[in-house]
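Start at 1 and go down the list; that is how both ligands and their atoms are numbered. Remember, it's a predicted structure, so these values are computed and weren't measured experimentally.
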Amino acid sequence: MKKKELNFGIIGSGFMGRTHAFGISIANRVFELPYKLRLKKIADVSNALASRAAEELSVPLYTSDWKELVQDSSIDVINITSPNAFHTEMALAAIKAGKHVYCEKPLSTSVTDAKKMCDAAKAAKIKTQVGFNYICNPLLIKARQMIKNGDLGKIRGFRGIHAEDYMISPDSLFTWRHDPAGGGALADLGSHIITTAEFLLGPISEVLGNCITSINRRKDSSGIIHNVVTDDVTRAFIKFENGVSGSIEANWIATGRKMQHDFEIFGSNGSLFFSQERLNELFFYKNDDPEEEKGFKKIVASPEHEPYGRFCIAPGHQLGFADLKAIEVKGFVDSIAGLRSEPFNFDQGLRVQSIVELIRRSSIQSKWLGFTD
Ligand code: NAD
């Protein structure tokens with residue numbers, strides 16, 4: 001029997017717009033889905049950008065007006081992959097038009113706006129998803145199971161970092177990523193490591209943040225010099241509700257680091273180490289190994305780690321970045337069909353935004369803060 005179609009429209013054809021296009025396309029091919037997925041339309045700020053993306057990604061329709069895309073009655077899901085400052089307006093318009101919304105992280109530029117988005121989504125009874133693809137890695141799911149199973153014993157510490165180096169040059173242009181409305185390394189990269197920390201160890205309850213701006217002035221593409229007030233690096237001590245303590249770092253001037261989405265978890269009987277630059281490997285240290293064999297053992301991604309086997313029947317052949325997006329797409333599509341709950345909905349995105357703001361406030365006040373402070 002012919003499957004019902006689910007039509008997607010993407011706003012933004014940059015890095016993430018393309019990753020969503022790949023994710024939809026891969027998901028269609030590797031998973032058994034309740035719908036046939038179709039990327040039907042793409043929007044960007046100009047016809048030149050939108051038509052180029054449509055041509056390169058084989059999307060039948062394009063527009064330079066995202067509002068037209070949102071109003072298109074043939075589209076079921078709106079993917080928002082535009083700069084952060086647009087997420088709220090675009091999501092609210094899409095929700096109003098009755099679409100399901102798949103918004104890139106961070107959900108919005110403020111907790112207030114994120115709440116509006118959550119309320120509107122609930123009132124409209126549409127499904128929502130926020131793009132936190134790193135937690136779709138089967139080895140992170142394995143790590144979470146190992147922690148739950150007690151393989152590490154009592155968890156005592158967490159260290160997490162998301163570091164890249166795309167802003168190391170003072171000549172890197174001032175863009176939306178530096179905009180005080182939602183910009184900075186903490187919102188951009190820190191939101192990912194906050195998500196991973198809570199995915200593995202549960203809710204964070206208190207933070208002591210330190211947000212640092214290292215490069216104070218940058219030129220934009222028209223040559224205008226801007227004072228930069230957003231952070232280049234943020235470090236925070238964190239406490240989880242379960243009593244575990246730890247730290248996180250968000251850093252976009254970490255020279256040499258391209259995708260250091262890494263964590264270490266220390267337990268009484270064992271430890272785990274993971275690095276996104278080697279996303280098909282999870283390292284496990286067991287304290288009760290014989291003294292002469294002690295050391296981190298490498299667990300290699302394989303078909304035993306669902307859904308790796310959908311992509312490749314052989315272990316060690318490796319998943320990639322876009323494959324994680326495809327896994328995220330599959331989860332969201334299943335939730336639209338009512339087969340499961342949303343993998344990471346707007347409420348969860350709001351929670352991440354609340355932690356981002358808590359860390360910022362804590363940095364300004366130079367003291368530990370919890371959600372009731
Ligand atoms: P980008 O600058 O590469 O792309 C943004 C695109 O949006 C551009 O093509 C731009 O022209 C377009 N755009 C801007 N304003 C628009 C408008 N009003 N209407 C239509 N299109 C518009 O940025 P990016 O790196 O793709 O980031 C986009 C979003 O994805 C951000 O929210 C970012 O935080 C997020 N992101 C997520 C991940 C992840 O791993 N989940 C990685 C990178 C970026």
(message) Less than 6.0 angstrom separating the ring centers of Phe284 and Phe274, yes or no?
(response) no
(request) Output every pair passing side-chain hydrogen bond (donor to acceptor under 3.5 Å, both in side chains) with a member in residues 7-23, not counting sequence neighbours, ordered by first then second residue. (result) Ser13-Asp44, Arg18-Glu56, His20-Asn79, His20-Glu104
(request) Please name all residues satisfying ring pair (Phe, Tyr, Trp, His ring centres under 6.0 Å) with Phe8, sequence neighbours left out, ordered by chain then number. (result) none
(message) Taking the six-membered ring of Phe199 as reference, does the cationic atom of Arg144 (NZ for Lys, CZ for Arg) lie under 6.0 Å from its centre and within 45° of its axis?
(response) yes
Validation: residues 316-324 side-chain donor-acceptor distances under 3.5 Å, sequence neighbours left out:
residue: His317; atom: ND1; partner: Pro315; partner atom: O; Å: 2.9
residue: Asp323; atom: OD2; partner: Gly320; partner atom: N; Å: 2.8

Contact table, ligand 1 N/O with protein N/O, distance under 3.5 Å:
residue: ligand 1; atom: 2 (O); partner: Trp176; partner atom: NE1; Å: 3.4
residue: ligand 1; atom: 3 (O); partner: Phe15; partner atom: N; Å: 3.1
residue: ligand 1; atom: 9 (O); partner: Gly14; partner atom: N; Å: 3.4
residue: ligand 1; atom: 9 (O); partner: Asp44; partner atom: OD2; Å: 2.6
residue: ligand 1; atom: 11 (O); partner: Asp44; partner atom: OD1; Å: 2.5
residue: ligand 1; atom: 25 (O); partner: Arg177; partner atom: NH2; Å: 2.8
residue: ligand 1; atom: 26 (O); partner: Phe15; partner atom: N; Å: 3.3
residue: ligand 1; atom: 26 (O); partner: Met16; partner atom: N; Å: 2.8
residue: ligand 1; atom: 32 (O); partner: Ser82; partner atom: O; Å: 3.4
residue: ligand 1; atom: 32 (O); partner: Asn84; partner atom: OD1; Å: 2.6
residue: ligand 1; atom: 32 (O); partner: His87; partner atom: NE2; Å: 3.0
residue: ligand 1; atom: 32 (O); partner: Lys105; partner atom: O; Å: 3.1
residue: ligand 1; atom: 34 (O); partner: Asn84; partner atom: OD1; Å: 3.2
residue: ligand 1; atom: 34 (O); partner: Lys105; partner atom: O; Å: 2.8
residue: ligand 1; atom: 34 (O); partner: Lys105; partner atom: NZ; Å: 3.1
residue: ligand 1; atom: 40 (O); partner: Asn133; partner atom: ND2; Å: 3.1
residue: ligand 1; atom: 41 (N); partner: Glu104; partner atom: OE1; Å: 2.8
residue: ligand 1; atom: 41 (N); partner: Gly131; partner atom: O; Å: 3.2
residue: ligand 1; atom: 41 (N); partner: Asn133; partner atom: OD1; Å: 2.8

(message) Can a side-chain donor-acceptor contact be found between Asp232 and Trp252 if the only test is distance below 3.5 angstrom?
(response) yes
